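Following: one structure in structure tokens, then a few remarks.
Atoms within a ligand are numbered from 1 in the order they appear, just like the ligands themselves. Note that the structure is a prediction, hence the values are computed from the model and not measured.
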Amino acid sequence: MDAVRVDHQNTDHAKWVLVDWTLGTTCNFRCSYCPPSLHDGRLSFPQYDRITQFARTLTQHYRKLDRSVFVQFTGGEVSLYSQLPAVLTDLNEIGVLCGLISNGSRGPAYWSQLSELLNSVVLTHHIEFANLDRFRAVAELLSERIRTHIQITMLPTRFGECLERAFAIRTACPRATIGLKPLRMGFGSKLYSYTPEQLAIMRRSPVPPARDLIQGGVRGLMQLKDEENVETLSAARILAWGLNRWQGWLCSAGLELLAITAEGDVYRGLCREGGCLGNINSTVILPTKHIVCGRPSCTCLADIMTTKVRRLRNS
Ligand code: SF4
Ligand code: SF4
């Protein structure tokens, strides 16, 4: 497939900026494939007024670009942050839509309350630590209330078990989208050494699609277009197919996507292309234009889901 243009399937994509916001490095899991710096607890959860103040700055900037702000908090494990409900309440009040990426380890009672404040959630199933019954109960509860995406991290040495769990979760949660997420070594650009059969399964994605999906999600699948064809793929499948290469293309990172690290540094995307834009505790120069991608590959799922356009001659 030779794509000349890549777009989000979600027709609302041009109206939003997704802010991938890392809150600290505290986590209750120790996944073998996760770099310690992401879960060692060295960076604690931030003061909640710093978050709400910068969220206001974001809404003012992106309003001028005709975009609304959707903040997706991640960690570490954000459900361990005691001030999270207060943060979400404040953000809801200033018109910011909120989502989370979580390992789903808190129980259904916790999620039942939090779901009122969330637009969507991404639950990542980590087979080395997740309790399947608890994860499934949480996923079932959330997917009946809000847009829910479940990523199954496909550990090569327990690939069959991961796949079985994906099917078990599909049965319990017909309304959730489910992706088989290929793992990258040290969360870098190189995939773990999967067998050809394992790669073929992740590319094909045999888990049946969601039924009766709750509408209103901000980020959809990706459309890979050329002059004749349009192919719709999830970011995980783009990664499994190795189609994640857009060096020299015009990319919307910074317009559709912003990434904030646990230290408060702000970048256009998780790829950090274009360099640091500042820190939320001092000054940040927020982008107003696209950027030309200089990277040989685009590896994080949120980055992959950002619109890219090949620059055509004379355009
Ligand atoms: S749950 Fe996430 S942050 Fe925690 S150890 Fe696993 S991969 Fe790392
Ligand atoms: S690596 Fe960054 S700049 Fe390049 S295509 Fe991906 S998101 Fe865009």
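In this structure, the separation between CD on Q151 and CE on M154 is 12.5 Å, given to the nearest 0.5 Å. A distance of 9.0 Å separates OG of S189 from CG of N244, quoted to the nearest 0.5 Å.
At the shortest separation from atom 7 (S) of ligand 2 among protein heavy atoms lies D303 CB, 3.6 Å. Taking atom 4 (Fe) of ligand 2 as the reference point, the nearest protein heavy-atom neighbour is C293 SG, 2.3 Å. Here the protein heavy atom with the shortest distance to atom 6 (Fe) of ligand 2 is C298 SG, 2.4 Å. Regarding atom 8 (Fe) of ligand 2, its nearest protein heavy-atom neighbour is C251 SG, 2.4 Å.
For the 3.5 Å distance criterion, the side chains of R147 and N119 fail to qualify, holding no donor opposite an acceptor. A donor atom on one side chain and an acceptor atom on the other are not found under 3.5 Å apart for R106 and S79. Of the N and O atoms on the side chains of Y62 and S68, not one donor lies less than 3.5 Å from an acceptor on the other residue. N103 and T124 share no side-chain donor-acceptor pair at under 3.5 Å.
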Please list every donor-acceptor pair under 3.5 Å in which a side-chain atom of residues 293-302 meets a protein atom from a residue at least two apart or in another chain.
| from | atom 1 | to | atom 2 | distance (Å) |
| --- | --- | --- | --- | --- |
| R295 | NE | C271 | O | 3.1 |
| R295 | NE | E273 | OE1 | 3.0 |
| R295 | NH2 | C271 | O | 2.9 |

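Using bins of under 30°, 30° to 60° and over 60° for the plane-to-plane angle, the ring pair W21/F73 lands in the tilted bin.
Within the protein, the N, O or S atoms sitting under 2.8 Å from atom 8 (Fe) of ligand 1 are C34 SG.
Not a single donor-acceptor pair under 3.5 Å links the side chain of S252 to the backbone N or O of E256.
Nearest-heavy-atom check against atom 1 (S) of ligand 2 across S189, C271, G254 picks out C271.
In the vicinity of E273, heavy-atom distances shorter than 4.0 Å reach the ligand 2 atoms 3 (S).
Residue-level proximity to ligand 2 for K308 is carried by the side chain, the only part with a heavy atom below 4.0 angstrom.
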